[in-house]
Amino acid sequence: MIDTTKYPVLPRKFYIRPVLTVAKDLLGKVLIRQNGKTLFAGRIIEVEAYDGNVDEAAHTFKGKTKRNEVMFNEGGYFYVYFTYGAHFCCNVVTGKQNHGSAVLIRALEPLSGIDEMIKNRFGRKLKNEKEIFNLTSGPGKVCKAFGFNREHTGLDLTNSQVFILDRPKLKKDRIGISKRIGITKSINLQWRFFEIGNPYLSR
DNA sequence: ATCAAGATTACCT
DNA sequence: GGTAATCTTGATA
């Protein structure tokens, strides 16, 4: 169980920066959801950047809609959307008001609330020791494990039950860079960032 | 009103 | 490695 008072909560100014900078800097930070007596915590190990100004894959590329309006907030808000008729994905909004950029949280290394995460994901106990690495190794899995859904979109990460704790930046040689996963537009942008070798990565 | 696509996952061979 | 599942959203009429 990690002590949430031990590290500072990331402030607004962390998020109001270019999306690629925030994406890389989020690696190693700790995402928290405090839900009553349950504390969910996970170390961010895989992210992707989306920027509606230049990126056809971003939800905001064609302008504001009811679904994506949170992404046009200033940095530091939580954007959760539903996709494929089954899964929620969660993002951290970045940049200045009206910019339309965000970082998708693709995978976490679970730290606290692990029993609750297992319950949320599988509704049973782990089958074997390896299954722990399937707990939060994908954007839909992260939301299922933490219990994120529509109700959480628009939350202020600087002033709510969902927030991110500061931790030291990863060393540059520990950060992998690749194309983004699961998109069909702007496929050549190398906007996926991850901690090399972490066993909780997606796919 | 209708329709195609989707920032995925689980399960199959 | 391939694909079915499932339903919301945004575009077009």
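Small disclaimer: the values here were computed from a predicted structure and weren't measured. Residue numbering restarts at 1 for every chain, and letters A, B, ... go by the order of the sequence lines.
We find that CZ of A:Phe193 is positioned 18 Å from P of B:dA7, with the value rounded to whole Å. Straight-line distance from the CZ atom of A:Phe61 to the P atom of C:dG10: 16 Å, rounded to whole Å. A:Lys179 places its NZ atom 16 Å from the C1' atom of B:dA7, with the value rounded to the nearest Å. Between the CD atom of A:Glu56 and the C1' atom of C:dA11 there is a distance of 16 Å, rounded to whole Å. Nucleotide C:dA11 holds its C1' atom 14 Å from the CG atom of A:Asn68, rounded to whole Å. To the nearest angstrom, P of B:dG6 lies 13 Å from CZ of A:Arg180. Distance, A:Arg67 CZ to B:dG6 C1': 8 Å, rounded to whole Å. Residue A:Ile181 contributes atom CD1, which lies 9 Å from atom P of B:dT9 at whole-angstrom precision.
With DNA chain C read from its 5' end, the first of the two nearest nucleotides for A:Lys66 and A:Thr83 is the one closest to A:Thr83. For the pair A:Thr184 and A:Lys141, nearest-nucleotide mapping onto DNA chain B gives the more 5' position to A:Thr184.
Residue A:Phe82 has its side chain nearest to C:dT8 when only B:dG6, C:dT8, B:dA7 are considered. Checked against B:dT9, B:dT8, C:dG10, the side chain of A:Tyr84 finds its nearest nucleotide in B:dT8. When the nucleotides B:dA7, C:dA11, B:dT9 are ranked by their closest atom to the side chain of A:His87, B:dT9 comes out on top. Among the nucleotides C:dT8, B:dA7, B:dA10, the one closest to the side chain of A:Leu104 is B:dA7.
Across every strand in view, C:dG2 sits in a pair with B:dC11 that passes the Watson-Crick or G-U test at under 3.5 angstrom.
Using a cut-off of 4.0 Å between Lys/Arg side-chain N and Asp/Glu carboxylate O, A:Asp156 and A:Arg12 are scored as salt-bridged. Ion pairing between A:Glu56 and A:Lys62 fails under the 4.0 Å rule for side-chain N and carboxylate O.
As judged by a 4.0 angstrom heavy-atom cut-off over every strand, A:Arg192 is placed among residues making no nucleic acid contact. Within 4.0 Å of A:Arg203, counting heavy atoms only, lies no atom of the nucleic acid at all. Base contact: A:Ala57 has a heavy atom under 4.0 Å from a base atom. At the heavy-atom level, A:Ile183 lies under 4.0 Å from the strands shown only through sugar-phosphate atoms.
A:Phe82 carries A:Arg150 over the face of its six-membered ring, with the cationic atom under 6.0 Å from the centre and within 45° of the normal. A:Phe146 does not carry A:Arg121 over the face of its six-membered ring by the limits of under 6.0 Å from the centre and within 45° of the normal. The side-chain tip of A:Arg106 does not point at the ring of A:Phe194 from less than 6.0 angstrom away and within 45° of straight on.
For the pair A:Tyr81 and B:dA7, the ring geometry does not qualify as stacking, because the centroid separation below 5.5 Å and plane angle under 30° are not jointly satisfied.
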